[in-house]
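Notes for the one structure printed next.
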Amino acid sequence: MDNELDLSALRGFRTVLREGSFSAAALALRIPKSTLSKRVADLESHLGVRLIERSTRTLRPTQEGEVLAARADRLLGEAEDIRRALGESGGTPRGHLRLAVPQVIGNLLIGPIAAGFRVLHPEVTLEIHFLDRTPDLLEEGFDGCIRFGPLEDSTQVARRLLHGQAMLVASPQLPGLDSLRQPQDLSRFPLVGLATVWSGGLPLQKGDEEITLPYDPPLRLGSHLAVRDALVAGAGIAALPGMIARPEIAEGRLVRVLPNWSTPRKAIYFVYPSAQSVTARLRAFIDHLAQEMGGD
């Protein structure tokens, strides 16, 4: 029997466990479900054990599957480090980068940034996915990602790109804006927010003063861009990231309300698996990204 372990099958197995189904895992890996099922079946046949117990509604790892899953991350991580190191010599950026960015940054900023990088480094190819979640970099084969807020995984490395804040904005035609004097006055206006599970309030700050307002928008939408469009149409008031709000304010489609108040500053980071995983092409992209986004 061939003793070599198929890394694509191993990655498929780990993705199935993470996503909770073969259908979701196949979508994440961008391969047909039948191909993924065969890879996992071949892996089970190769190892001579059953790795996943399947039913019509659920799946779970067997005891042997749990053992393999616990060790698979290290194997896949080492393989990814080798892949990143290949093809680069003398520090010249070349090869392929697979990255993930939030939808809002992808839609607003990443196109010209990526195009500019390709002009500077034509031997590097880019594959950039728009995800409103933090991917598992090793399991999903990403070289790095942009994310908001503090790191959740202490084994990863991050470079801060910039600090972002959201400002309160509305259509200039929204009735009653001239009556807004303090944050508590927002309770008289319809709010617009994101369609995410959110149990907290709306935090606002002015200098050293901080408050948290009750927050239950009657209109919640799936992206910041949809929120922007709803505000322009007169739906109410929302806290929009500056990168989205400023162009609309400049064109007169939105105005700031309570301009001395904004949400607390939130850092935006580029995150990658480890210091050892930084290739010349990844370092070049991070430097280019920081320069174009105005980070330090």
message: I want to check something: taking the side chain as every heavy atom from C-beta on, are Val157 and Val271 in contact at a cut-off of under 4.5 Å?
response: no
- request: Could you tell me whether Arg246 atom CZ has more than 12 heavy atoms of other residues or ligands within 6.0 Å of it?
  value: no
- request: For the pair Leu126 and Phe285, evaluate side-chain contact (heavy atoms from CB on, under 4.5 Å) and give the outcome as yes or no after the intermediate values.
  value: CA-CA 10 Å; Leu126 295 175; Phe285 184 82; 4.2 Å; yes
query: Is the closest side-chain heavy-atom distance between Thr62 and Ile52 below 4.5 Å?
result: no
task: Check whether more than 12 heavy atoms from other residues, nucleotides or ligands sit under 6.0 Å from atom CZ of Arg133, and answer yes or no.
output: yes
statement: Scanning both residues in full, the closest heavy-atom pair of Leu240 with Leu231 reads CD1-CD1, 3.9 Å
message: Could you check whether atom CZ of Arg18 has more than 12 heavy atoms from other residues, nucleotides or ligands sitting under 6.0 Å from it?
response: yes
message: For the CZ atom of Arg118 and the CD atom of Glu123, what is their distance to the nearest 0.5 Å?
response: 10.0 Å
Close side-chain approach of Leu174 to Ile237, heavy-atom, < 4.5 Å: yes
- prompt: Which distance, rounded to the nearest 0.5 Å, do you find between the OG1 of Thr35 and the NZ of Lys33?
  reply: 12.0 Å
Between CG on residue Leu194 and CG on residue Leu221, distance to nearest 0.5 Å: 8.0 Å
message: So, taking the atom named CG in Leu191 and the one named CG in Asp216, what distance separates them when rounded to the nearest 0.5 Å?
response: 9.0 Å
field: Residues Ile211, Leu213; criterion side-chain contact (heavy atoms from CB on, under 4.5 Å); working and verdict
entry: CA-CA 6 Å; Ile211 63 171; Leu213 299 176; 3.8 Å; yes
field: Note, Asp287 side chain near Arg159 side chain (heavy atom, < 4.5 Å)
entry: yes
- request: Test Gln165 against Ser262 for side chain to side chain donor-acceptor pair (under 3.5 Å), laying out the working first.
  value: CA-CA 7 Å; Gln165 282 182 301; Ser262 60; 3.2 Å; yes
field: Non-hydrogen side-chain atoms of Ile244 and Val227 separated by less than 4.5 Å
entry: no
statement: Of all heavy-atom pairs linking Phe22 and Ser37, the shortest is CD2-OG, 3.6 Å
query: Do the side chain of Gln205 and the main chain of Pro264 share a donor and acceptor less than 3.5 angstrom apart?
result: no
message: Can a side-chain donor-acceptor contact be found between His46 and Glu44 if the only test is distance below 3.5 angstrom?
response: no
Identified side-chain contact (heavy atoms from CB on, under 4.5 Å) partner of Trp261 from the options Glu210, Gln182, Glu209: Glu209
Any pair counted as side-chain hydrogen bond (donor to acceptor under 3.5 Å, both in side chains), so long as it reaches residues 224-238, sequence neighbours left out: none
- request: Spell out, as yes or no, whether a donor-acceptor pair under 3.5 Å connects the side chain of Asp132 to the backbone of Pro102.
  value: no
task: Ignoring hydrogens and angles, state whether a donor on the side chain of Arg147 or Thr134 is under 3.5 Å from an acceptor on the partner side chain.
output: yes
task: Verify side-chain contact (heavy atoms from CB on, under 4.5 Å) between Asp143 and Tyr272, making sure each step is shown before the conclusion.
output: CA-CA 6 Å; Asp143 295 282; Tyr272 46 97; over 6 Å; no
ILVMFWY cluster, Leu282 and Leu120 together (side-chain gap under 4.5 Å): no
message: Can a donor-acceptor pair be found, under 3.5 Å and without considering hydrogens, that links the side chain of Arg281 to the backbone of Arg94?
response: yes
Atom pair CG/OH of Leu161 and Tyr269 - distance to nearest 0.5 Å: 10.0 Å
- prompt: Can you list the steps and then say if Ser8 with Arg39 is a side-chain contact (heavy atoms from CB on, under 4.5 Å)?
  reply: CA-CA 8 Å; Ser8 64; Arg39 285 181 184 176; 4.0 Å; yes
- prompt: What closest approach, in Å, do Pro217 and Gly193 show between heavy atoms, and which atom pair accounts for it?
  reply: CB-N, 3.7 Å
- request: Check whether Phe270 and Phe130 end up in the same hydrophobic cluster, where Ile, Leu, Val, Met, Phe, Trp and Tyr are linked by side-chain heavy atoms less than 4.5 Å apart.
  value: yes
query: Do the non-hydrogen side-chain atoms of Val104 and Leu109 ever get within less than 4.5 Å of each other?
result: no
field: Heavy-atom donor-acceptor pair, Thr263 side chain to Leu204 backbone, under 3.5 Å
entry: no
- request: For Ala100 and Pro135, work out which heavy atoms get closest and say how close.
  value: CB-CG, 4.0 Å
message: Grouping I, L, V, M, F, W and Y whenever their side-chain heavy atoms are under 4.5 Å apart, do Leu75 and Val49 come out in a common cluster?
response: yes
statement: Rounded to the nearest 0.5 Å, the CD atom of Gln173 sits from the CG atom of Leu254 at a distance of 10.0 Å
query: Does the Thr15 side chain pair with the main chain of Arg11, one donor and one acceptor, at a distance under 3.5 Å?
result: yes
- prompt: Looking only at heavy atoms, which two atoms of Met167 and Gly242 are closest? And how far apart?
  reply: CE-CA, 4.0 Å
- prompt: How far apart are the C-alpha atoms of Arg60 and Glu66, what are their side-chain angles, what is the distance that settles it, and do they pass the salt bridge (charged side-chain N to carboxylate O under 4.0 Å, His left out) test?
  reply: CA-CA 9 Å; Arg60 63 179 180 84; Glu66 290 178 348; over 6 Å; no
task: May I ask whether Val67 and Leu10 are part of the same hydrophobic cluster, defined by side-chain heavy atoms of I, L, V, M, F, W, Y residues being less than 4.5 angstrom apart, directly or through others?
output: no
message: Side-chain heavy atoms nearer than 4.5 Å, only ILVMFWY residues, links allowed to pass through others: does that put Ile110 and Phe148 together?
response: yes
- prompt: At their closest point, which heavy atom of Gly12 faces which heavy atom of Leu36, and how far apart are they?
  reply: CA-CD1, 3.6 Å
field: Heavy-atom side-chain contact between His96 and Val124 under 4.5 Å
entry: no
statement: Checking Ile113, Leu99, Ile105 against Leu289 for side-chain contact (heavy atoms from CB on, under 4.5 Å), the one that qualifies is Ile113
- request: Identify whether the distance between the nearest side-chain nitrogen and carboxylate oxygen of Glu248 and Arg253 falls below 4.0 Å.
  value: yes
query: Is a side-chain N or O of Glu140 found less than 3.5 angstrom from the main chain of Asp136, in a donor-acceptor match?
result: yes
field: Presence of salt bridge, Asp42 and Lys38, under 4.0 angstrom
entry: yes
task: Measure from the side-chain N and O atoms of Arg181 to the backbone N and O of Asp178, and report whether any donor-acceptor pair falls under 3.5 Å.
output: yes
query: Is any side-chain heavy atom of Ile128 closer than 4.5 Å to a side-chain heavy atom of Leu97?
result: no
- prompt: So, is the end of the Arg98 side chain (NZ or CZ) under 6.0 Å from the ring centre of Phe142 and within 45° of the ring's axis?
  reply: yes
